[in-house]
Amino acid sequence: MISIQNKIWLLAAVVLFFMAAIWITFTFYNQRTQHQYNEILQRYLRLSEVTGAGQELITNLNNYLLHATPDHEERITQSQQRIRQAKHEMITLSHADNDFTLTNYVNLIDSLLEATNRSLMYYGEQEQVAYMEAFAEANRISKYLSDMSLTLIDTELRTSERLYRGIIDQSEELTRLGIWLLLLITLLLMMFAYWFSRSITKPVKQLTQAAHQLSYGRFDLQVQVDSNDEIAFLARMFDRMRRNINNLISEIKEKAELEKELQQNKILLQETQLLSLQSQINPHFLFNTLDTLSKKAYMEGSEETSDLLVNVANLLRYNLKRLDRKVTLFEEVNVLQQYIEIQKARFTERLQFQADVDESCLHVLVPGLTLQPIVENAVIHAVEPKEDGGIINFRVRRDEQVVKVEIRDNGPGMKEEQITQILEEETFQTEGHSTGIGISNVIKRLRLFYGIYDVVEIESSPNHGTTVTLNIPEPKGGDFVGQASNRR
Amino acid sequence: MQKAVVILLCLVCIILGYFTFVSAGKAFDTDWHLPDQSGEAETNYRLVLITLELDTPFWDMVGAGAKEQAKREEVSLEVWGSYGKDQDEFLRLIELAIYSKVDGIIVQGLDTEAFTNLTAIKAASYGIPIVTVVNDVPMNESLRRTYVGTDQYEAGKLIAMQLLQDMGIAGKVILMSDNYQEYFQEQRLNGILEVLQAYPEVQPVLAETPDTREQVIEVTRGLMNEVPDANAFIALNANVTGAMLQEIGRRSQIEPYYIYSFDDGADSLTLLQEGKIDGMIQQAPTDMGRLSVDLLVQWLTGETIPLDDKGYMTPVRLLRAEDAS
């Protein structure tokens with residue numbers, strides 16, 4: 001794993017390396033050039049040194065010849081020493097081109113020294129003409145010396161011309177090299193910096209994208225970052241987090257599923273409890289008794305009572321049998337008729353029941369005991385409380401693909417909140433219902449049976465009665481398979 | 001797309017790298033060596049050829065011959081000289097050569113006291129052998145080792161004989177020399193006179209002239225007035241030929257005159273080719289240079305001691321205008 005810090009170090013190192021390499025090269029080059037210049041200058045300086053020394057010697061000699069003091073003599077010795085030294089150095093300057101002249105030059109120095117010595121010697125011997133002549137000679141030689149050093153310098157310039165031009169060319173070349181180098185290094189560094197920044201920003205971008213996806217709730221995409229630095233580490237952690245969240249979510253979903261099943265089990269349990277409660281009365285005993293009562297009433301000549309009892313027995317039998325079974329609308333309507341008969345016996349003229357049934361619609365399947373509780377509800381609320389009774393309209397008709405079952409009363413009606421409460425299945429009052437099944441239960445069962453929420457509509461307003469409409473979908477062609485059948 | 005960019009960048013990198021590399025190669029690959037030191041300086045003989053007339057065709061050939069021989073003998077030789085017969089500079093150079101303790105001096109003879117002083121006293125005291133070339137000086141004065149060059153006396157004879165052949169055995173001949181009274185002129189003159197002696201009908205007229213152009217012209221003019229019936233001109237010193245011819249040409253036709261000269265002047269050959277001169281003594285300057293170096297080295301190495309003090313003569317022939325053009 002190369003950390004970002006290491007990458008930065010690497011970049012710095014590369015830049016440093018370039019700079020150091022260039023610096024070293026140029027320093028090296030500079031030093032060499034300097035050395036070369038020094039050497040060249042040295043040569044010229046040595047050449048001029050001889051001339052200077054020669055002239056000094058002549059001056060000192062002249063001084064000595066004028067005033068022969070030990071001091072001046074000492075000076076002459078010094079000058080001679082100096083010129084010998086210079087001569088010695090001169091020999092190192094020789095090369096093929098100036099060899100001849102240089103040898104001449106060195107010999108000239110010798111001649112100068114000889115002439116000086118001769119002059120001194122003659123001076124010592126007090127031979128005036130001779131020493132003056134020798135001095136003049138030395139003077140002339142000194143002049144030749146300075147002339148010849150000019151020649152030598154000239155030769156030096158000529159022979160070294162190629163070298164000097166080389167140096168000039170090279171310094172120009174160096175400028176060009178500088179430009180090339182600048183271009184090359186700029187390009188290289190830019191490329192390197194690009195690569196370097198990319199190696200940092202690309203993973204970050206990938207990570208950002210992954211985070212974006214996560215924020216939109218897509219937990220199934222793997223977080224993938226192709227690098228090997230801290231970002232990659234971050235990405236791995238991020239991916240682990242994603243997987244954990246994913247697992248948690250699926251766990252929660254499972255739990256919810258489980259809870260839902262549990263609730264449905266509870267409902268079923270309640271219904272079972274209800275059924276078992278109902279079963280606590282031995283129905284056969286009840287039916288037999290009712291049959292006996294009916295027959296007895298018939299034999300006592302009370303046919304009406306007998307019929308009534310038969311109706312009650314049928315209704316109860318139906319109730320016990322048909323709960324949670326699918327039945328045809330026809331059967332339901334029959335049961336409804338029997339119930340109305342019973343209620344009419346109770347309310348006589350106060351209950352007016354008007355039925356308008358489209359016979360062709362009666363084949364549709366409905367859950368058992370759906371119409372009777374609704375009508376009973378209407379009886380309880382619209383007929384029972386009123387002195388002069390009430391009218392209940394029952395209508396079955398086809399409306400496009402839907403069979404509409406309409407139960408309308410002219411009772412006191414309901415408020416909006418009540419309707420909502422009923423449709424939301426919040427009320428569980430079952431008081432007064434013969435079957436113990438309230439309207440809420442009916443609505444719930446209808447909804448479960450058809451899987452449609454809008455299967456029941458209630459229209460009502462205070463003092464204008466209530467209309468309950470069931471929208472029962474007509475099965476297309478084949479056998480209608482209600483969900484209730486699957487429940488069994 | 002990205003691949004193309006990468007390839008392009010790499011290509012640019014390579015190109016830049018190549019140029020940088022080449023440039024660096026040029027900038028750092030230095031050939032900074034001063035000419036090599038030579039250790040042979042001590043063993044080599046150093047000879048100097050000194051002339052009064054540097055950069056004339058004649059002396060160039062002498063120098064070339066000398067250098068050629070020096071190269072063959074592996075001795076160092078330098079050609080020094082003054083221009084236009086600058087005697088002071090010439091003498092100075094000789095003195096310089098002596099003080100520089102060269103191993104041998106080959107010098108154009110100059111028949112003056114200063115020259116004799118230098119060669120006989122100074123050079124002798126430094127032990128430097130002197131060989132005269134082209135122009136000789138008397139041996140016993142100058143103490144030269146030998147002379148290499150034309151036998152001027154013979155050359156004089158040759159030119160005189162040619163004159164007789166062209167002009168016939170009667171006529172007036174003007175012999176023009178410069179006023180330095182140089183040894184080689186004397187020799188030439190002697191040679192000519194030697195031949196002409198036998199022909200009393202031929203009348204030589206000697207004339208001397210200073211060496212500047214104007215003076216030569218003036219003297220020529222005077223001569224032509226004095227000797228209007230001259231038949232021939234002989235320039236004993238080649239350097240006066242040009243000016244002399246100019247004056248003659250200004251006064252009359254050059255054609256009727258027989259004009260002879262030597263080849264050691266700057267314009268001699270040109271004049272001959274133009275047909276202004278009828279005959280010219282052609283010497284062998286290259287041979288002179290070559291032989292002088294050869295002899296000097298022989299002397300220095302001890303091969304031939306002493307050298308023949310009469311001198312070593314190089315071949316001479318007379319070149320006629322017809323041959324040259």
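Hydrogens, waters and symmetry mates are skipped; everything else that's a heavy atom, side chains included, is used.
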Which pair of non-hydrogen atoms, one from A/Glu173 and one from B/Lys26, has the smallest distance, and what is that distance?
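Closest heavy-atom pair between A/Glu173 and B/Lys26: CG-CB, 3.5 Å.
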Correct closest heavy-atom pair for A/Arg176 and B/Ser23 would be C-OG, 4.0 Å
May I ask you to check whether over 12 heavy atoms, not counting those of [X], lie within 6.0 Å of atom [atom1]?
X        : atom1 : value
B/Lys67  : NZ    : no
A/Phe192 : CZ    : yes
A/Glu133 : CD    : no
A/Glu125 : CD    : yes
A/Glu127 : CD    : yes
B/Gln298 : CD    : yes
A/Met190 : CE    : no

Heavy-atom contact with chain A under 4.5 Å, split by part of [X]:
X       : value
B/Val12 : both
B/Ile14 : neither
B/Leu77 : backbone

At what distance, to the nearest 0.5 angstrom, does [atom1] of [X] lie from [atom2] of [Y]?
X        : Y        : atom1 : atom2 : result
B/Thr20  : A/Leu183 : OG1   : CG    : 7.5 Å
B/Arg46  : A/Asn107 : CZ    : CG    : 4.5 Å
A/Leu188 : B/Leu9   : CG    : CG    : 10.0 Å

Of the listed A/Ile179, A/Ile141, A/Asp169, A/Leu174, the one with the largest count of heavy-atom pairs under 4.5 Å with chain B is A/Ile141
Check: Relative to each other, are the rings of B/Trp80 and A/Phe100 parallel, tilted or perpendicular (30° and 60° limits)?
Finding: perpendicular
Measuring heavy-atom distances to chain B, does A/Glu172 have an atom under 4.5 Å in its side chain, in its backbone, in both, or in neither?
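For A/Glu172, no heavy atom lies under 4.5 Å from chain B.
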Whatever's closer than 4.5 Å to a heavy atom in chain B on A/Leu187 counts as side chain
message: Please evaluate residues B/Tyr99 and A/Glu137 with respect to the criterion side chain to side chain contact (heavy atoms under 4.5 Å, CB included), reporting the C-alpha separation (whole Å), side-chain torsions for both, the decisive distance (0.1 Å), and the verdict.
response: CA-CA 10 Å; B/Tyr99 285 135; A/Glu137 201 177 317; 2.5 Å; yes
- prompt: For B/Ser100, which of A/Leu108, A/Ile109, A/Val106, A/Thr101 qualifies under side chain to side chain contact (heavy atoms under 4.5 Å, CB included)?
  reply: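 Of the listed options, the one satisfying the test is A/Leu108.
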**Request:** Kindly indicate, with the supporting measurements, whether the criterion side chain to side chain contact (heavy atoms under 4.5 Å, CB included) is fulfilled by A/Trp180 and B/Leu16.
**Result:** CA-CA 7 Å; A/Trp180 283 121; B/Leu16 277 181; 3.5 Å; yes
*asked:* Between B/Tyr126 and A/Glu114, does the side chain to side chain contact (heavy atoms under 4.5 Å, CB included) criterion hold? Intermediate values first, please.
replied: CA-CA 11 Å; B/Tyr126 277 84; A/Glu114 278 162 22; 4.0 Å; yes
